[in-house]
Amino acid sequence: MKKPNKEHEIDLKSWLFKFRSRWYLFAAFTFIALAAAYVYVKSSQSIYLFHSTILLGDQETGSKKAQELLEILHVQNKGIKVEDEIGLIKSADMIKAALHKLDFSTSYFIVPDHWLNTGFDIIVQEQYENTPYIVKLDSAGTQLVDIAFKVNILNDKEYELTVEGENVPRYNFQKHEVLGYVPEISFKKVLKFGEPYADNNMHFTIVRAQDTNIAKPAKKLYFVLNSIDSQVSQRLASLHIEPIERESRVLELSSKGTIPDKEILFLNTLMQTYVDRDLEEKNQNGRKTLAFIDSQIATLTDSLAQSKQALSTFRSANKISNIDVQSNSAYERLQQLEIEKAKLNTDKQYYATILSEIKDNEGFTEAVSPAVAGVQNPILSNLFMELSTLNNQKAGYKASATQINPMLKEVDGKIASVRKAIIANLENMVSSADISIRDVDKRIGALEATLAKQPENERRLADLKSQAAFVDKKYDFLQEKRAEAAISLATNTTDKKIVDKASFWGNGPVNAAPRIIYMLALVIGLIIPAAYIVLLENVDNTIQGKNDISSITNIPFLGVIAHGTKSDKLAVKNNPKSAIAESFRSIRINLQYLLAETDFKVIGVTSSISGEGKTFCSVNLSNELALSGKRTVLIESDMRKPTFSKYFNVSEEVGLSSYLGHNLPLVDVIQKTEHENLDIIPCGPIPDNAIHLLEQPRMQQLIQELKKTYDYVVIDTPPIGFVSEYFILMKHMDTNLYVVKHKYTNKDLLNQINELHASKKIKNIYIVINDLNYDKTYEYGYKRKASYYYV
């Protein structure tokens, strides 16, 4: 029966032996790993990390008056979110805007003249400002992008350009769009430096660099034209942005790249583009204010010119130069009333405009201040100041709270109340203006009735003067406000600020150092073969040695037979000092010692399957018994696959099948051999039914007669795992040898013999390990040192 499994223990010496026996795997994998590491180190460019920081600010920049002016047509911002700003900086549109300011459309590469580049372009390096040539693109023409343009410099005046590819994009750098694809292109032509080249797909000029000494020995030079989309993808992959701390408004921008100058320039340009765009958006609000005032001034300019022209024409036509004191007084009062009426109309128009905007646009109340337009109303000013304070509170809550926050709802309620108060005040002011205008109209009517009694010319002159004065005052008022708006716009600043410009981060490249790579390669080169050996050992279910035998069966272990070659079939006789002969000598001695107290003569030799060396063991054991002076007969009972002819010069015409099936006398089937004291009974003609012959009583008679004549009878039986003849023959055996082959016999094949042994159906059985290579097993490694005893 199979022994119960014991707790596994790691036998370090055994594993070290297994590793040492396959030292060539470690040498091969280590060499391959180090070679791969060398290629990686040589082909990889140094990657550097670059770092910069930018401050987002709180969006409360600029003077108070500038803010008031910009709020006339602008809804106040409600704070910023750091995550939104990070997304804005990393947006494709922002990166495109930065790349448009840079000249990264052409990438230059060099394949150095290195032995690794003999067959393939393994080492490829990007160049920036140290290229031996410069490509100048004609942005108005079509270009081929994302394909290599190979440049072979022939001399200082000429170069050879080669382009080969399929489905190559045709690109327009002005519109930054793909115009189509070239299915296949194969271009090779010698061109001159400095001369433009143009065709349907390419429009550029290649000039020789002024400093020709910067050129390195190169196997190949080429450049690639990059579309804006490919540049954006490349930058997005290497760009990383995050706050320096949680809740911080200072962002850290980092990027990785192989060209320091390009990475630093890109980071600085990206930050400046972000700052400039923020300032531009803020300036748009100021420009809206200026545009509104300019439109009003443009209208008044024409009216002012017309009124002055009409007054001048009237004076010239009627030759009017002076007016008496009474007329002047009346006209002055009328003029004052007209001015007062105009002022009331202006105020009413402004109040009505603000009231309309407030009702139509809820966000307008966050921007308008009546003091800016010259209207002095303390109550309304206080309401707008209170509204501004509430909006600031709401913006603060929104930056750190959700929409369901009670404080935010309370502020919204206050804002709604103040807004209703503003609307009510504006409606009252409009109504008051209407009442005041009707009152002024009454007084003007009374004064005009008085003036009607004066000469028509004097009245007409007063009208013209009054109209011109009104237009002139309104024009001056708008000019003053425009100057204030322009000053505010000019002094407007952004709340974004570059804190640290891009610079190196760390003391050197961030990719692994060559020493670390080589160490890692060495470790991998040792781990892979070790893992492979461990895997093989774990999946190998064959017999490895005596320890395997003792762990899977209770059958006693008799000994091992050394590994040999095909020429060692009869090693016991032909080479008695060999390791194989010594192995059989040891098995004979052990067998005789174990059975010294019993009268055993019949020895059966079997195995699980064919190929385990059963016949080899039976032949050599018989020779060993014969050499020890014992008369021995060897019977070949495997009548399905006889193999004695490989070991002896025998006749296959007669044998065991002849004795059992044709009743030949024993003397006719026994054949002498050239080995002293050794006779054999071969299989003979192969019968149709071997089992039937072996079951006959004549087989028992044969064994009994042989035991009388010989000291030992050795029976080479069929494999127990294939046929059932062994179960018929085992009743004739005094002892049984079960042969397993080193690294060949599967452990599961021993289940059948274990069951026979456990049920005591077989007696005196011993296991022998055949073909054991001492160099490949730790258990018998010591025998390698004793090899000189066998020669």
Side-chain angles (χ1 to χ4, degrees), residues 558 561 568-573 580 583-584 587-588 591 600-626 630-652 654-660 666 669-673 675 677-687 690-691 693-694 699 702-703 706-707 710-741 745 753 762 764-768 770-771:
L558 187 63
I561 299 171
D568 296 327
K569 289 186 296 184
L570 293 174
V572 171
K573 179 179 182 302
I580 298 178
S583 299
F584 282 104
I587 289 175
R588 174 185 62 82
L591 189 61
F600 80 97
K601 284 192 173 184
V602 183
I603 303 172
V605 183
T606 188
S607 64
S608 298
I609 57 175
S610 177
E612 294 175 304
K614 166 182 60 64
T615 303
F616 169 77
C617 291
S618 61
V619 169
N620 281 276
L621 179 60
S622 300
N623 273 281
E624 175 58 32
L625 292 171
K630 304 295 182 180
R631 293 203 60 200
T632 305
V633 61
L634 175 61
I635 302 175
E636 184 179 25
S637 65
D638 187 354
M639 291 184 286
R640 297 176 185 268
K641 189 179 179 182
T643 56
F644 269 21
S645 59
K646 298 179 180 179
Y647 298 90
F648 304 103
N649 185 15
V650 297
S651 172
E652 296 291 345
V654 294
L656 180 62
S657 61
S658 304
Y659 175 81
L660 297 175
L666 180 60
V669 297
I670 296 178
Q671 300 185 27
K672 298 289 184 180
T673 67
H675 310 294
N677 295 327
L678 177 62
D679 296 335
I680 64 171
I681 300 177
C683 167
I686 298 176
I691 295 179
L693 293 179
L694 295 175
M699 183 65 190
L702 172 66
I703 299 298
L706 292 176
K707 291 173 67 175
Y710 296 92
D711 297 318
Y712 292 103
V713 178
V714 180
I715 302 177
D716 179 25
T717 67
I720 191 174
F722 284 166
V723 295
S724 57
E725 283 92 330
Y726 178 79
F727 300 101
I728 299 173
L729 293 172
M730 67 181 183
K731 63 183 178 181
H732 306 300
M733 316 294 185
D734 296 324
T735 185
N736 297 271
L737 297 184
Y738 188 80
V739 179
V740 297
K741 188 174 183 179
T745 302
I753 198 69
I762 190 170
N764 295 334
I765 184 169
Y766 303 93
I767 289 182
V768 175
N770 181 37
D771 198 31

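Residues Arg640 and Ile691 form a side-chain contact, since some pair of their non-hydrogen atoms from C-beta on lies under 4.5 Å apart. Looking at heavy atoms from C-beta onward, Lys646 lies out of side-chain contact with Thr615 at the 4.5 angstrom threshold. Residues Asp734 and Val713 are not in side-chain contact: their nearest non-hydrogen atoms beyond the backbone lie 4.5 Å or more apart. Side-chain contact between Thr673 and Leu634 is absent, with no heavy atoms from C-beta onward closer than 4.5 Å. Taking 4.5 Å as the limit, some side-chain heavy atom of Leu666 sits within range of a side-chain heavy atom of Leu706.
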Practice prompt. Might you work through the side-chain contact (heavy atoms from CB on, under 4.5 Å) test for Leu702 and Ile681, ending with a clear yes or no?
Written response: CA-CA 11 Å; Leu702 172 66; Ile681 300 177; 4.2 Å; yes
Worksheet item: For Leu693 and Ser657, what are the C-alpha separation, side-chain angles and deciding distance, and is it a side-chain contact (heavy atoms from CB on, under 4.5 Å)?
Response: CA-CA 7 Å; Leu693 293 179; Ser657 61; 4.3 Å; yes
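Taking each heavy atom of Glu636 and Leu656 in turn, the nearest pair found is O-CD2, 3.8 Å. Nearest heavy atom pair, residue Glu612 against residue Asn770, reads O-ND2, 3.0 Å. Val739 and Cys617 make their closest contact through CG1-SG, 3.9 Å (heavy atoms, listed as atom of the first residue, atom of the second, distance). Taking each heavy atom of Asn677 and Ala626 in turn, the nearest pair found is ND2-O, 3.3 Å. Taking every heavy atom of both residues into account, Leu729 and Pro718 meet most closely at CD1-CD, 4.1 Å. Between His675 and Phe648, the shortest heavy-atom contact is CD2-CE2, 3.7 Å.
Qualifying ring-ring contact (aromatic ring centres under 6.0 Å, His included) partners for Tyr659, counting only residues two or more places apart in sequence or in other chains: none. A search for ring-ring contact (aromatic ring centres under 6.0 Å, His included) contacts involving Phe600 returns Tyr712, not counting sequence neighbours. Under the salt bridge (charged side-chain N to carboxylate O under 4.0 Å, His left out) criterion, Lys672 pairs with Asp679, not counting sequence neighbours.
Phe584 contributes atom CZ, which lies 3.5 Å from atom CD1 of Ile561 (distance to the nearest 0.5 angstrom). To the nearest 0.5 Å, the span separating CG on Asn620 from CD1 on Ile580 amounts to 7.5 Å. Here the CG-OG1 distance, from Asp716 to Thr643, works out to 6.0 Å after rounding to the nearest 0.5 Å. In this structure, the separation between NZ on Lys641 and SG on Cys683 is 13.5 Å, given to the nearest 0.5 Å. Between the CD1 atom of Ile587 and the CG atom of Leu558 there is a distance of 5.5 Å, given to the nearest 0.5 Å. Note: Thr735 OG1 to Ile603 CD1 = 6.5 Å, rounded to the nearest 0.5 Å.
Remark: the backbone N or O of Thr717 is paired with a side-chain donor or acceptor of Lys614 at under 3.5 angstrom. For the pair Ser607 (side chain) and Val740 (backbone), a donor-acceptor distance under 3.5 Å is absent. The backbone N or O of Asp711 sits nowhere less than 3.5 Å from a side-chain atom of Lys630 that would complete a donor-acceptor pair. Side chain of Thr606 to main chain of Tyr738: no donor-acceptor pair is present (N/O by atom type, distance under 3.5 Å, no hydrogens or angles). In this structure, the side chain of Gln671 engages the main chain of Ser651 through a donor-acceptor pair within 3.5 Å. Using modelled atom types, no side-chain atom of Thr632 and backbone atom of Leu678 make a donor-acceptor pair closer than 3.5 Å.
Between Tyr647 and Phe616, the ring-plane angle classifies as tilted under the 30° and 60° cut-offs.
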